[in-house]
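Every heavy atom of this structure was used, including side-chain atoms; hydrogens, water molecules and symmetry mates were not.
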Amino acid sequence: MELTHVVAAIIIKDDKFFIAKRAKGKHLENMYEFPGGKLLKNESHEDGLKREINEELDIEIEIRAKVGEENFKDNVINVRIHYYICSHKSGMITLKEHQDSAWVTKKEFKNYEFAEGDKDIISLL
């Protein structure tokens, strides 16, 4: 199975982190994640992340720094997820690809079930 590069936004506002619940019918449905998605061919991480967040949440973000990357593989996907700390630049969040969302503190992460790929990055935050 070919490795797919994925970008994810860790959006922080007032010491809280934005998380989104994956849509029903999608792989890893009902699990929470940091939003983002697959890069297009020859697309930079930054351009891809801004595009994905605009498509999924209808907002503009400012990318601050890359904080890490994780590999995740199961019987459906093989991805390398590149995580970026971001801030909300403009727009009102509208969920286009997710069924729910929340702004949570670091301590509150334990109250949500995260997609496997995102579990490890939480310890770095």
Please output the side-chain donor-acceptor pairs of residues 117-125 that fall under 3.5 Å, not counting sequence neighbours, one pair per line with the distance.
from   : atom 1 : to     : atom 2 : distance (Å)
Asp118 : OD1    : Tyr83  : OH     : 2.4
Asp118 : OD2    : Phe34  : N      : 2.8
Lys119 : NZ     : Glu116 : OE2    : 2.9
Ser123 : OG     : Asp120 : O      : 2.7

List, one per line, each side-chain donor-acceptor pair under 3.5 Å for residues 3-19, sequence neighbours excluded.
from : atom 1 : to    : atom 2 : distance (Å)
His5 : ND1    : His82 : NE2    : 2.9

Going by atom type alone, with no hydrogens or angles, which donor-acceptor pairs under 3.5 Å involve a side-chain atom of residues 24-31 and a protein atom two or more places apart or on another chain?
from  : atom 1 : to    : atom 2 : distance (Å)
Lys26 : NZ     : Glu97 : OE1    : 3.0
His27 : NE2    : Asp74 : OD2    : 2.7
Glu29 : OE1    : Gly25 : N      : 2.5
Asn30 : OD1    : Gln99 : NE2    : 2.5

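With hydrogens and angles disregarded, a donor-acceptor distance shorter than 3.5 Å links the side chain of Asn78 to the backbone of Met1.
Ile85 and Tyr32 fall within the same hydrophobic cluster, where Ile, Leu, Val, Met, Phe, Trp and Tyr residues are linked whenever their side-chain heavy atoms come under 4.5 Å apart, directly or through other members. Leu40 and Ile63 are members of different hydrophobic clusters when ILVMFWY side chains are connected at heavy-atom separations under 4.5 Å. Residues Ile81 and Phe109 fall within the same hydrophobic cluster, defined by Ile, Leu, Val, Met, Phe, Trp and Tyr side chains chained together at heavy-atom separations under 4.5 Å. Using a 4.5 Å cut-off between side-chain heavy atoms of Ile, Leu, Val, Met, Phe, Trp and Tyr, with links allowed through other members, Tyr84 and Trp103 fall into the same hydrophobic cluster. Residues Val104 and Ile53 do not share a hydrophobic cluster, clusters being chains of Ile/Leu/Val/Met/Phe/Trp/Tyr side chains in contact below 4.5 Å.
A search for side chain to side chain donor-acceptor pair (under 3.5 Å) contacts involving Asn54 returns Glu60, not counting sequence neighbours. Residues that satisfy the salt bridge (charged side-chain N to carboxylate O under 4.0 Å, His left out) test with Glu55, not counting sequence neighbours, are Arg51. Evaluation of the salt bridge (charged side-chain N to carboxylate O under 4.0 Å, His left out) rule for Arg64 yields Glu62 as partners, not counting sequence neighbours. Residues that satisfy the side chain to side chain donor-acceptor pair (under 3.5 Å) test with Ser44, not counting sequence neighbours, are Asp47. With sequence neighbours excluded, no residue forms a salt bridge (charged side-chain N to carboxylate O under 4.0 Å, His left out) with Glu56. Applying the side chain to side chain donor-acceptor pair (under 3.5 Å) criterion to Glu108, with sequence neighbours excluded, gives Thr105. Lys66 is linked by a salt bridge (charged side-chain N to carboxylate O under 4.0 Å, His left out) to Glu69, counting only residues two or more places apart in sequence or in another chain.
Contact of the Lys89 side chain with the Ile61 side chain is not registered, since no non-hydrogen atoms from C-beta on lie closer than 4.5 Å. By the 4.5 Å heavy-atom criterion applied to side chains, Val79 and Lys73 are not counted as neighbours.
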Determine whether Glu33 and Lys21 satisfy the following criterion, side-chain contact (heavy atoms from CB on, under 4.5 Å), listing intermediate values before the conclusion.
CA-CA 6 Å; Glu33 67 179 359; Lys21 191 175 188 180; over 6 Å; no
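Crowding of Met92 atom CE: a count of heavy atoms from other residues, nucleotides or ligands under 6.0 Å not exceeding 12. Other residues, nucleotides and ligands contribute over 12 non-hydrogen atoms within 6.0 Å of the NZ atom of Lys96.
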